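Data block below; observations after.
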Protein chains: 2
Amino acid sequence: MSLKYGVLGLLKGEPLHGYEVKNRFEAMLGGTWEVNIGQIYTTLQRLERDGLVRPVGRRGDRGKQSYELSPEGHKALDQWLAEADSGPQQLHEDIYVKLLLATRIANGGLQQMLARQKRAYLQRLRDLNRLEERARRDGRIDLARLVRGALLHTEADLKWMDELSSERFGAEGGAAE
Amino acid sequence: MSLKYGVLGLLKGEPLHGYEVKNRFEAMLGGTWEVNIGQIYTTLQRLERDGLVRPVGRRGDRGKQSYELSPEGHKALDQWLAEADSGPQQLHEDIYVKLLLATRIANGGLQQMLARQKRAYLQRLRDLNRLEERARRDGRIDLARLVRGALLHTEADLKWMDELSSERFGAEGGAAE
DNA sequence: TCAGTATGTATGCCGAGTATGTATGAGAGC
DNA sequence: GCTCTCATACATACTCGGCATACATACTGA
C-alpha cells in the first residue's frame, strides 16, 4: 500500500519516470527503505491500468516514460491522506505467533527467548538513535519525527519484554481442548 | 512467515489436516486472526514441497489428508523459535509514508491528521482492553500477554501523536534538492 | 575501453482473497 | 421411514498485489 500512495504523492506536483520515482522515494525515506526497481515499474503499470496515473510526453530520450497524476489519482491520494492509518491488524505479527508457540512447546526456553528479544530491541534502539542524530544533522526534521515514532515503539517492546520476563511462568493458560 | 511456522508449530505433536490446522490456528490466536482456508492449503503444499512436512496415512475418509512434521520440519521450527524476531523493517510502515506526504503536500491539514490518528488509536486501545479482559476471563493468559504487547504499542503510538501535535510546524525540514 | 550508472523488461515466489465443488449429517415436512 | 434441504467439514483453483532476481541496453566519464 504505502508504495502505491508514495508514488502518487511524489507524482503530485511534477511528472516523473520510474527511475526518478525510485530515487525520490528513497530520498524521502532518508535511505531507510530501498525499493526494488522492478516494483516501481509494476506499481506504475497498475496505477496506469487503474487510471490513477497516465503517461505524459511519449517516451522521451532513452526510453524514459514519465507519468503524471490523473484527476482520479489526485482524488485517491487525497482520500488516502484523509483517512486514519489502521496499522497492522490486531495480533498479526510474527512475534506473537512465536511467543505463543514458545509458550506451548518450549516452556523451558522461554526466558532465554525473552532475553534474546530484549537484546535485539536494544540493538535496534541504538540503530535508531544513530539514525535520528543523522537526520537532525542533515536538517531532515520530518525524518527525525518518524524515527522518534520507531523509537517509542521499540521502547514499548522492551517494556513488554521486561514485564513478561518478570512474570513467573508455570501455571500456563493454553486453551483447553 | 508466521503462518508457515504457525502451521509447523501446530503439527508438532500430532498430525493434522488442513481444516483442523485452520481451526487450531484461529483458536490459538483467540479468534483475532481469521486465516483464509486457501492459504492454509497452499502453505501446506509448499511445506511439503520443501520437505518440512509430509503426508501421513494416504487420504483418510473423504479426501482428508493429514500431515506430520519431517525431521527437517522439526529443525526448521526449532531454529525459527531460537532466533530473535526482527519485527518490521525500520521505517516500512504506511503511517510513516503518510506522515511524510502529509507534511510536504498538506501542511495545513497535518494537525487534523494527527487528531484523526489519535482518535483511531484511542479506539484501538478500547478494543484491546476489551480483548484482554475476555482473554483473562477465558483463562487464556498466554493470549492476554500478547494483547498486553499490543496495548503497549498503541500507547506508544498515542504518545508519539501527542509529541508531534505539540510541535510547532512551520520551519519544515524536507530534503533540499 | 571498461566500469559504473541510468533505465527498463521479464519472471517467479509468496501472502492473501474469492469462487467453486463435494461429501456428510441433522432437521423439517410428509 | 423417506426425501429434501441446509449447514458444515473439507478441499481445489484462480486471481491479484508485494516483492525480489535476473537480464538487457544505453550513456558517461576515467
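These figures come from a predicted structure and were not determined experimentally.
When the nucleotides C:dT9, C:dT7, D:dG18 are ranked by their closest atom to the side chain of A:Y19, C:dT7 comes out on top. The side chain of B:I37 lies closest to D:dT12, out of C:dA6, C:dG15, D:dT12. Across D:dG17, D:dC10, C:dT9, the shortest atom-to-atom separation from the side chain of A:R49 is found for D:dG17.
Residue-to-nucleotide proximity on DNA chain D shows that, of A:N36 and B:E20, the 5′-proximal contact is made by B:E20.
As a whole-Å value, the separation of B:I40 CD1 from C:dG15 P is 11 Å. Put simply, OH on B:Y67 is 12 Å from C1' on D:dC10, counting in whole angstrom units. In this structure, the CG atom of A:N23 is 11 Å from the P atom of C:dG8, given to the nearest Å. In this entry the distance linking CD of B:Q45 with C1' of D:dC14 reads 13 Å, nearest Å. Taking atom NZ on A:K64 and atom C1' on C:dA6, their separation rounds to 8 Å, with Å as the unit. Nucleotide D:dG17 holds its C1' atom 11 Å from the CG atom of A:L3, rounded to whole Å. When rounded to the nearest whole Å, the span between CZ of B:F25 and P of D:dC10 equals 18 Å. For B:Q39 and C:dC14, the CD to P distance is 13 Å, given to the nearest whole Å.
Screening B:E93, B:M113, B:Q117 against B:L99 for a side chain to side chain contact (heavy atoms under 4.5 Å, CB included) leaves a single residue, B:M113.
Contact annotation: B:R46 side-chain N/O to C:dC13 OP1/OP2 distance is not under 4.0 Å. Checking the phosphate oxygens (OP1, OP2) of D:dA11, a side-chain nitrogen or oxygen of B:Y41 falls inside 4.0 Å.
The pair B:R140-B:D142 meets the salt-bridge criterion, with a side-chain N (NZ, NE, NH1 or NH2) lying under 4.0 Å from an Asp/Glu carboxylate O.
Dense packing is recorded around NZ of A:K118, with more than 12 heavy atoms of other residues, nucleotides or ligands lying under 6.0 Å away. More than 12 heavy atoms of other residues, nucleotides or ligands shown are found within 6.0 angstrom of CD on B:E26.
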(request) Please test B:R24 against B:E14 for salt bridge (charged side-chain N to carboxylate O under 4.0 Å, His left out), starting from the C-alpha separation and ending with a verdict. (result) CA-CA 12 Å; B:R24 304 267 181 128; B:E14 60 185 324; 2.7 Å; yes

